[in-house]
Amino acid sequence: MDSSGAEASTHSESKDNIAPSTSNIPGQGGDGPKSKKASLKRSAGEPKNAKKTKKQKKARVSRPAQLGYTVHQGEDMLLVISSSTSQYDGSAWMPPKKGRKKKKLVKGKLKAKPIKKKKTVRAKAALANNPVIKTQEAAAPFVPQKAVDHRWGESLPEEVLINIFQMVVVQDGAVPFLCRAGRVCRLWNAAASSPVLWRQVTVGHCWIAPGKTQLPKTEQKIKGTFDWLASNRFSQLRDFSLCHWKKNVDYAVGVVSQFCPHLRSLALSYCTGLTASAFQVLGLHSRSLQSINLQYSEFQVEGLLEYLENHGSQIKQMWLTHGLKNDRLLSAITRGYCPDLEFLEVNTRLDSKECELSLCIQALQGACPKLKTFRMLNVRLRHKTMRSAADSALGFPLLEELCMATTSYSYMTDKDLLDTLFGSTRLRVLDLRGCTRITPSGLAALPCLELECLFWGHYYSSHVGSSAPKKGLHQVTQKWSQTLQQLDIANQLFTEEDLEIAMRYLAQATEADTLRSLNLSGTRVTPPALRSVISQLTALSYLNLSSCRYLPRGLKKIYRGQEDIRQLLDKL
């Protein structure tokens, strides 16, 4: 056994020192155990340093491939990746060489592993001896991280970020945008906490979807959120709105009124559950409140009446929806509950059937002499007369806008219109859409001389009234030709001759040239009348000629922009 072991060790030493031959060695499979024993004996006689070097070499067999690209920062904070080597250097796939193909064919299935191991060991040894290459490989993967660490948000001034947030708030509202933006980073949190961004807040369905029930946990979350917002964000709140709330309306209004001393406007749209206690809290804390909007909302009328009786002198704007209970508010206003009222709007839904409203205009003129805007949208107003002999001699001296538009029909006549506007010399906007009983002579008798917008079209199919042609439109255009900016006479049955004369008066205002919008839809306007207007009014940017029977085909449409209108002039 000793002699055979010595022979085996001698044979293995000779194999390590010479190159591998291409011939087969007999008895290779049977010398396996002997070779292990011989290697153990040989390693026992070698020094310890040799073992460490072999272990270190085996530990570095798997080496990552070198990166074949470089990353650097270009313009506009973009990372540019470019190749730093040739097409094949450093890549995972290498084109085969001619010599390797021949060796593979010659070797066949013989062992080529010792050659690969020697090459890898030599390469690793070279890398271990050359520290410069090693540091370059280690530093290459960290190049993209340096570019990522440079963030634009760290150097952005807080004032600039606040201005950016202000643009988003104007378009989308403060909630929930500012709540989400404050969670991004400390800089965004500081910018989103600016009181300037929280002056106007509208809260809708932030917690529950419309029509779904509200769980007790959700209700507590809503109350906690409102408490936190009121104490940390609403210090400079001016305008507050709630939309489509069915619960917790009293709580929200109460918290906002207590924590917001600068509250100026309160709007509730499609909300229910506002009780008298909420109006009491408003009276105690919101001394700067000037505007109340309760359109399409359910509330206790008694609570609002009590509030107006005690604090109505500070209210300047009010929106109401027509209803049997809400009409009591108008009677309270005519009794002088809101002497400084400047804006009053009473509206109803378009599909509402009960829309008649009885109102004494003379009483309203005496109770609200500072009224500037008076709107009755889709409400048929019935004029009452005062029982006492004393009547209002001033009218509405500061009135600038009167709207009596309706989609059905109106009871207003020339006399009613003159009784309403006999003292309104500052009137700028007059909306009489649907008022079929108003005549051109009644409009010409009004005292206002600088009317800018006149809407006098008919937009419904039933209750149109008489289909006989009308005359006298030239009285209206002659009176306000220098000041009119918008004119709407859609579906008014004036004759062709009368329309042509009226358009001539509009065209004569060449010095002012103020007309911007002209709606002639459904009228009997002719091409000669159009040419006289379009050729002179260069500022006209909207022209509606749909359903005009006296115009050629292809021209009955809406024209937007001066260039489009100039092309129409060429066709005419």
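A side-chain donor-acceptor contact under 3.5 Å links R516 to the backbone of T514. With hydrogens and angles disregarded, a donor-acceptor distance shorter than 3.5 Å links the side chain of S297 to the backbone of Q295. Listed for the T334 side chain is a donor-acceptor partner under 3.5 Å among the backbone atoms of S331. Side chain of R428 to main chain of R426: a donor-acceptor pair is present (N/O by atom type, distance under 3.5 Å, no hydrogens or angles). A donor-acceptor pair under 3.5 Å links the side-chain atoms of Q314 to the main chain of L289, judged by distance alone. Between the side chain of Q492 and the backbone N or O of W456, at least one donor-acceptor pair lies under 3.5 Å. Checked by atom type and distance alone, the side chain of T483 never pairs as donor or acceptor with a backbone atom of E452 at under 3.5 Å. Listed for the D488 side chain is a donor-acceptor partner under 3.5 Å among the backbone atoms of A490. Looking only at distances, a side-chain donor or acceptor of T321 sits under 3.5 Å from a matching main-chain atom of Y296. Not one N or O on the side chain of K247 forms a donor-acceptor pair closer than 3.5 Å with the backbone of E219.
Annotation: ring pair (Phe, Tyr, Trp, His ring centres under 6.0 Å) contacts of H311 (sequence neighbours excluded): Y307. Residues satisfying the side chain to side chain contact (heavy atoms under 4.5 Å, CB included) criterion with H383, sequence neighbours excluded, are I361, L381, M412, D416, T420. Residues forming a side chain to side chain donor-acceptor pair (under 3.5 Å) with E342 (at least two apart in sequence, or on another chain): none. For V281, the side chain to side chain contact (heavy atoms under 4.5 Å, CB included) partners two or more places apart in sequence, or in a different chain, are S257, Q258, H285. Residues passing the ring pair (Phe, Tyr, Trp, His ring centres under 6.0 Å) test with F455: none are found, sequence neighbours excluded. Under the rule for a salt bridge (Lys or Arg N to Asp or Glu O under 4.0 Å), D172 has no partner lying at least two apart in sequence or in another chain. Residues satisfying the side chain to side chain contact (heavy atoms under 4.5 Å, CB included) test with R382, not counting sequence neighbours, are E356, S358, Y411. Residues passing the side chain to side chain donor-acceptor pair (under 3.5 Å) test with W319, sequence neighbours excluded: E345. Remark: F177 engages F165 in a ring pair (Phe, Tyr, Trp, His ring centres under 6.0 Å) (not counting sequence neighbours). Considering only residues two or more places apart in sequence or on other chains, S231 meets the side chain to side chain donor-acceptor pair (under 3.5 Å) condition with none of them.
Salt-bridge formation is detected for the pair D239/R264: a Lys NZ or Arg NE/NH1/NH2 atom is positioned less than 4.0 Å from an Asp or Glu carboxylate oxygen. A salt bridge links D340 with K370: the distance from a Lys NZ or Arg NE/NH1/NH2 to an Asp or Glu carboxylate oxygen falls below 4.0 Å. Under the 4.0 Å criterion applied to side-chain N and carboxylate O atoms, E298 and K246 are not assigned as salt-bridge partners.
Results of the side-chain contact (heavy atoms from CB on, under 4.5 Å) test with S286 over V253, V256, L263 single out L263 as the only residue that passes.
Within the structure, side chain to side chain donor-acceptor pair (under 3.5 Å) contacts touching residues 557-567 (residues at least two apart or in different chains) do not occur. The stretch residues 266-281 participates, sequence neighbours left out, in these side chain to side chain donor-acceptor pair (under 3.5 Å) pairs: D250-T275, T275-S277.
Here CD1 of I565 is found 4.0 Å from CG of L540. Values are rounded to the nearest 0.5 Å. Atom CG of residue L443 and atom OG1 of residue T477 lie 11.5 Å apart, to the nearest 0.5 angstrom. For the atom pair I222 CD1 and Y251 OH, the distance stands at 11.0 Å (nearest 0.5 Å).
Under the 4.5 Å side-chain criterion, counting only non-hydrogen atoms from C-beta, L449 is in contact with K479.
With ring centers used as reference points, W198 lies 6.0 Å or more from F259.
Here the closest non-hydrogen pair linking H244 and C271 is N-SG, 3.9 Å.
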